[in-house]
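Note that the structure is a prediction, hence the values are computed from the model and not measured.
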Amino acid sequence: MQIGEVSMRPVIEMDEFRLPSRMFIEGITFEDIEPHRHWLSPQFIDSETGDFRLSQHAWLIEANGKRIVVDPCVGHRRHRPLLPFYHMIDSPLLERLEALGVSPDSVDYVFCTHLHLDHVGWNTQLRDGRYVPTFRNARYLIPRVEDEYWRRELTGELPDVERYNAGVYTECVQPIVEAGLADLVEEGIRIADCLTLIKAAGHTIGHMAGLLESAGQGAVLAGDAIHHPLQVLYPDRHIQGFDAEQAQITRHKLLELCVEKDYWLAPAHFRPPHLCKVSKSDGKYRMEWG
C-alpha cells in the first residue's frame, strides 16, 4: 500500500484469533449484525457463533530513508496464560519482516500505541536467559502516560484488574529503558517527516495513534482504539477498557478524521485487507475496503 510517497505494509503474526462478540462489544446482538452479515461473514465474523475474527499484525512503514515498525505484536513463546490465544505462540514476525527485506537492525523507529502485551512483544527477545532489545538500532517511541501507568508493575502497584498484562513491562519495556533506547513521547511528535503521534486514549490510559501523511494522502494507524469493523458501524457501543466514555470519544475523533480528510483507517486487528476508507451518511459511518 502506497500512502503518497510512503510505503505501509502489514506484517502478520497471527492470521486469525477469535473473540466472542457479545463479550467484547456491550449490547451487540445478532440483529445488529444481520444487515451487514453479507460482507462481515466470513472474513470478519463467524456467522454461526457470532465470534469476531481478528488479525494480529504490526505495520511496517518505509519513508524518507527510514523504517518504522508500529505495534510489534505478541512475541515468541511468551507466557500469557490469561489470554490463551496469545499464550506461548510460535511467532513468525521476524521471519516475515525478513521476507520483506527488513532486518531488525535496519529498523529506525518502533512506535507502541500502548503497552498491552500484544503491542510490545517483539520490543525484546530472549538471549542467554535475559530479554534484550530486538531492534537494537531503533528509537522506541512509548507514550509517556502509558509508561507512567504500566511501570507500576515494577513496584507491585499495578491494579489487580490489569493482571492479564502482568510481566509485560518487565519483559518488553524495562529492557528498552535500561538500554537507553526509549523515548517517552507526547502528542505532536513527528518522525521521518510523515508520522505524527496523536492522543487516542480510552482503551488504555495513554493510548496514542499515528497520523501518516504524504503527498496529500494519509492513514490513521489506530492501534486498539478500534478493533473490529463493527466498532465503525456502532462507535457508541462500549467495549472493555480503561475509560469507556473516553474510548467512545476517541473512536468518533479518529473516524471523523478519516471522513474529513479521506484517509485510510488502519487498526491493529482488522483482517485482510487490514484497512479501509470511511464515509458518513445520515449520521452513520460506512466502510469501503481497499
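Listed here is the closest heavy atom pair of H274 and P10: CD2-CG, 3.6 Å. Closest approach of V110 to A138, counting heavy atoms only: CG2-CB, 4.1 Å. Taking both residues in full, the closest heavy atoms of A215 and G4 are given as CB-CA, 3.9 Å, listed atom of the first, atom of the second, then distance. For the residue pair Y169 and P175, the shortest heavy atom distance occurs at O-CD, 4.2 Å. Minimum interatomic distance between P143 and T113 (heavy atoms only, all atoms of both residues): CG-O, 3.6 Å. Of all heavy-atom pairs between V102 and S106, the closest is CG1-OG, 3.6 Å.
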Discussion item. Y131 vs Q174, test: side-chain hydrogen bond (donor to acceptor under 3.5 Å, both in side chains). Steps then yes/no.
Written reply: CA-CA 9 Å; Y131 285 102; Q174 186 63 11; over 6 Å; no
Discussion item. With side-chain contact (heavy atoms from CB on, under 4.5 Å) as the criterion, how do R271 and E16 come out once you've worked through the C-alpha distance, each side chain's angles and the decisive distance to 0.1 Å?
Written reply: CA-CA 8 Å; R271 297 193 75 226; E16 179 187 12; 4.1 Å; yes
Item to complete: For side-chain contact (heavy atoms from CB on, under 4.5 Å), just list the numbers for R80 and V168, CA-CA rounded to whole Å, side-chain angles, deciding distance to a tenth of an Å, and then say yes or no.
Response: CA-CA 9 Å; R80 308 290 185 240; V168 171; 3.8 Å; yes
Discussion item. What verdict does the side-chain contact (heavy atoms from CB on, under 4.5 Å) test give for I226 and F270, after you've listed the backbone C-alpha separation in whole Å, the side-chain angles of each residue and the deciding distance to 0.1 Å?
Written reply: CA-CA 9 Å; I226 297 171; F270 277 15; 4.1 Å; yes
Worksheet item: Passes side-chain contact (heavy atoms from CB on, under 4.5 Å), T170 versus L154? Steps please.
Response: CA-CA 7 Å; T170 300; L154 302 178; 3.6 Å; yes
Worksheet entry | side-chain hydrogen bond (donor to acceptor under 3.5 Å, both in side chains) between H116 and D224, worked out | CA-CA 10 Å; H116 276 168; D224 277 1; 4.5 Å; no
Please list, one pair per line, the donor and acceptor atoms closer than 3.5 Å that link side chains of residues 188-197 to other protein atoms, with sequence neighbours excluded.
unit_1, atom_1, unit_2, atom_2, d
R190, NH1, T196, OG1, 2.9
R190, NH2, D193, O, 3.0

Return all side-chain donor-acceptor pairs below 3.5 angstrom for residues 281-290, not counting sequence neighbours, or 'none' if the list is empty.
unit_1, atom_1, unit_2, atom_2, d
Y285, OH, H252, ND1, 3.2
Y285, OH, E256, OE2, 2.6

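The hydrophobic clustering, which links ILVMFWY residues whose side-chain heavy atoms are closer than 4.5 Å, places L257 and I61 apart. L141 and V177 are assigned to two separate hydrophobic clusters, defined by single-linkage of ILVMFWY side chains at heavy-atom distances under 4.5 Å. Put simply, V11 and Y109 are part of two different groups of oily side chains (I, L, V, M, F, W, Y) that touch within less than 4.5 Å, one to the next. A single hydrophobic cluster is seen to contain both M14 and L54, as judged by linkage of ILVMFWY side chains at heavy-atom distances under 4.5 Å, directly or through other members.
Under the 4.0 Å criterion applied to side-chain N and carboxylate O atoms, K277 and D262 are assigned as salt-bridge partners. Looking at D105 and R136, a side-chain N of the basic residue comes within less than 4.0 Å of a carboxylate O on the acidic one, giving a salt bridge. Salt bridge annotation for E62-R67: present, with a cationic side-chain nitrogen under 4.0 angstrom from a carboxylate oxygen. Electrostatic pairing of D160 and R163 counts as a salt bridge here, judged by a charged N lying under 4.0 Å from a carboxylate O.
At distances below 3.5 Å, at least one donor-acceptor pair connects side-chain atoms of H269 with backbone N or O atoms of S55. With hydrogens and angles ignored, the 3.5 Å screen pairs a side-chain donor or acceptor of E153 with a backbone N or O of G167. Under a 3.5 Å cut-off, the side chain of R53 and the backbone N or O of P42 do form a donor-acceptor pair. H207 places no side-chain N or O within 3.5 Å of a backbone atom of A201 that could act as its donor or acceptor partner. Under the 3.5 Å distance criterion, the side-chain polar atoms of R78 are matched with a main-chain donor or acceptor of G121. Although no hydrogens or angles enter the test, the distance criterion places a donor-acceptor pair under 3.5 Å between the side chain of N123 and the main chain of C172. Under the 3.5 Å distance criterion, the side-chain polar atoms of H203 are left unmatched by any main-chain donor or acceptor of A225. One N or O on the side chain of D32 and one on the backbone of T29 form a donor-acceptor pair closer than 3.5 Å.
Put simply, NE2 on H57 and CZ on R96 are 12.5 Å apart, with the number rounded to the nearest 0.5 Å. Within the model, atoms CG of D118 and OH of Y86 stand 3.5 Å from one another, a figure rounded to the nearest 0.5 Å. Considering CZ of R251 and CD of Q246, their distance stands at 10.5 Å, rounded to 0.5 Å. Note that the CG atom of L40 and the NE2 atom of H38 stand 8.5 Å from one another [nearest 0.5 Å]. Rounding to the nearest 0.5 Å gives a distance of 9.5 Å between CD1 of I45 and CH2 of W39. Rounding to the nearest 0.5 Å places CD1 of I3 at 6.5 Å from CG of L275.
Under a cut-off of 6.0 angstrom, the local environment of NZ in K199 is sparse, with at most 12 non-hydrogen atoms contributed by other residues, nucleotides or ligands. When the shell of 6.0 Å around CD of E95 is examined, it contains more than 12 heavy atoms from other residues, nucleotides or ligands.
Counting heavy atoms from C-beta outward, Y140 and V120 have side chains that stay 4.5 Å or more apart. P72 has its side chain out of reach of H119: every pair of non-hydrogen atoms, C-beta onward, lies at least 4.5 Å apart. With a 4.5 Å cut-off on side-chain heavy atoms, E162 and Y164 count as touching. Within the 4.5 Å cutoff, the side chain of L19 has no heavy atoms near those of the H227 side chain. With a 4.5 Å cut-off on side-chain heavy atoms, F44 and H228 count as touching. For the pair W122 and E13, the minimum side-chain heavy-atom distance is below 4.5 Å. Put simply, the side chain of W150 does not reach to within 4.5 Å of the side chain of V173, judged on heavy atoms. L211 places a side-chain heavy atom less than 4.5 Å from the side chain of Y263.
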